[in-house]
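First the structure, in the form of structure tokens, and then the observations on it.
Here is the naming used below: chain letters follow the sequence lines, and residue numbers restart at 1 for every chain.
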Amino acid sequence: MKIASWNVNSLKARLPHVERWIAESGADVLAMQEIKLLDEAFPHLMLEPTYAFRAVSGQKTYNGVALLAKRELHEVTFGVPGYDDPQARVVAGTVDGVRIVNLYVVNGESVGSPKYRYKLEWMARVRDYLAAELARYPEMVVLGDFNVAPDDRDVYKPERWREKVLCSTPEREALQSWLALGLHDSFRLFEAGPGHHSWWDYRLMAYERGWGLRIDLVLVSDALKPRVAAAGIERAPRTWERPSDHTPVFVELAPRP
DNA sequence: ATGGTGGTGCGACCA
């Protein structure tokens, strides 16, 4: 089962890319972030031929997440129970017995800003949510746009990003508190080196210059780790015309033994 | 270099 995540930066603007990529990628599950449209504007007819099962948490102009699957999505939930967050950032469902939690983590704007404080509060709430989900569903994938580069290997020029938003110590510690629940960064099960990125700023020709960060992650739980057959970043869509600033990332799970 | 580009939607916002 191939499970992918992609911050599409507007599903309306990116629909041609999404259709092209799902045909090429063969993903069984696709988690999207920043769809930036209301539920009623979701292009079900365009995506239904590939993904018969869809869970959408839309929002006008900003945020919005969706979970698409070829096989049945069970136990779909939206948001974090008990956390009244007006922003559409969380959708979860179960496919073939694997819990899949799709997150669009708060960006945070800049260290110390009100949005940064919201980010840290949000990440603390989501830690508790993930702990509760893991207790119910030991086989779990947590994926999405994390808006945190886990460590300096994930940053093209760590000095330039030192203690800046996406790389600051409190954000990294919040992410580590998630990993401490028994989650693993699937990409790092296969690749230990630097120079692997999933997001490049639109400005200053950052992609062409290799100025990227790895902030889109696929975490797998302890119980699922033995089934991880591959993990990676699919860079091609970032080279297409009028791309998202993020490119898809994925994990492949071997069949249950 | 405190800029730069892109999406939404038509003026600021958010990233």
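Residue A:Lys164 is the one, among A:Lys164 and A:Asn107, whose nearest nucleotide of DNA chain B lies closer to the 5' end (criterion: closest heavy atom). Summary of the strand contacts: A:Asp245 and A:Tyr202 both lie near DNA chain B, and taking for each the nucleotide with the nearest heavy atom, the more 5' one is attributed to A:Tyr202.
With contacts defined as side-chain heavy-atom distances shorter than 4.5 Å, the pair A:Tyr129/A:Thr77 qualifies.
A:Ser25 and A:Glu234 form no side-chain donor-acceptor contact under 3.5 Å, judged by distance and modelled atom types alone.
Taking atom CZ of A:Arg209 as the reference point, atom C1' of B:dG3 lies 12 Å away to the nearest angstrom. The CD1-P distance, from A:Ile215 to B:dA15, rounds to 12 Å in whole Å. One atom, CD of A:Glu208, and another, P of B:dG4, lie 18 Å apart when rounded to the nearest Å. Here the P atom of nucleotide B:dG6 and the CG atom of A:Asn7 are 16 Å apart, to the nearest Å. Put simply, CD on A:Gln59 is 17 Å from P on B:dC13, counting in whole angstrom units. Summarising the geometry, the separation between CH2 on A:Trp240 and C1' on B:dG6 is reported as 19 Å, rounded to the nearest angstrom. Following rounding to the nearest Å, A:Leu204 (CG) and B:dT2 (C1') show an atom-to-atom distance of 12 Å. Note: OH (A:Tyr62) to C1' (B:dT8) measures 7 Å, nearest angstrom.
Taking the side chain of A:Lys60 as heavy atoms from C-beta on, and the options B:dG9, B:dG4, B:dG7, the nearest nucleotide is B:dG9. Which of B:dC13, B:dG7, B:dG4 sits closest to the side chain of A:Arg203 comes down to B:dG4.
Looking at heavy-atom distances under 4.0 Å, A:Arg160 makes no contact with the nucleic acid at all. Among the protein residues, A:Tyr207 comes within range of no part of the nucleic acid, since none of its heavy atoms lies under 4.0 Å from any strand.
Rounded to whole Å, the P atom of B:dG9 lies 15 Å from the corresponding atom of B:dA15. Annotation: B:dG7 and B:dG3 have their P atoms spaced 23 Å apart (nearest Å). The separation of B:dA1 from B:dA12, taken at their C1' atoms, amounts to 25 Å, rounded to a whole angstrom.
Checked against the 6.0 Å centroid criterion, the rings of A:Phe146 and A:Trp178 qualify as a close aromatic pair. Ring centroids of A:Trp21 and A:Trp6 are separated by less than 6.0 Å, placing the two rings close together.
The side chain of A:Arg14 contributes no N or O atom lying less than 4.0 Å from OP1 or OP2 of B:dG6. Distances shorter than 4.0 Å separate none of the side-chain N or O atoms of A:Thr61 from OP1 or OP2 on B:dC13.
Judged by the 6.0 Å distance and 45° axis criteria, A:Arg20 is positioned over the aromatic ring of A:Trp240.
Using N1 to N3 plus N6-O4 or O6-N4 for Watson-Crick, or N1-O2 and O6-N3 for G-U wobble, each under 3.5 Å, B:dG4 pairs with nothing.
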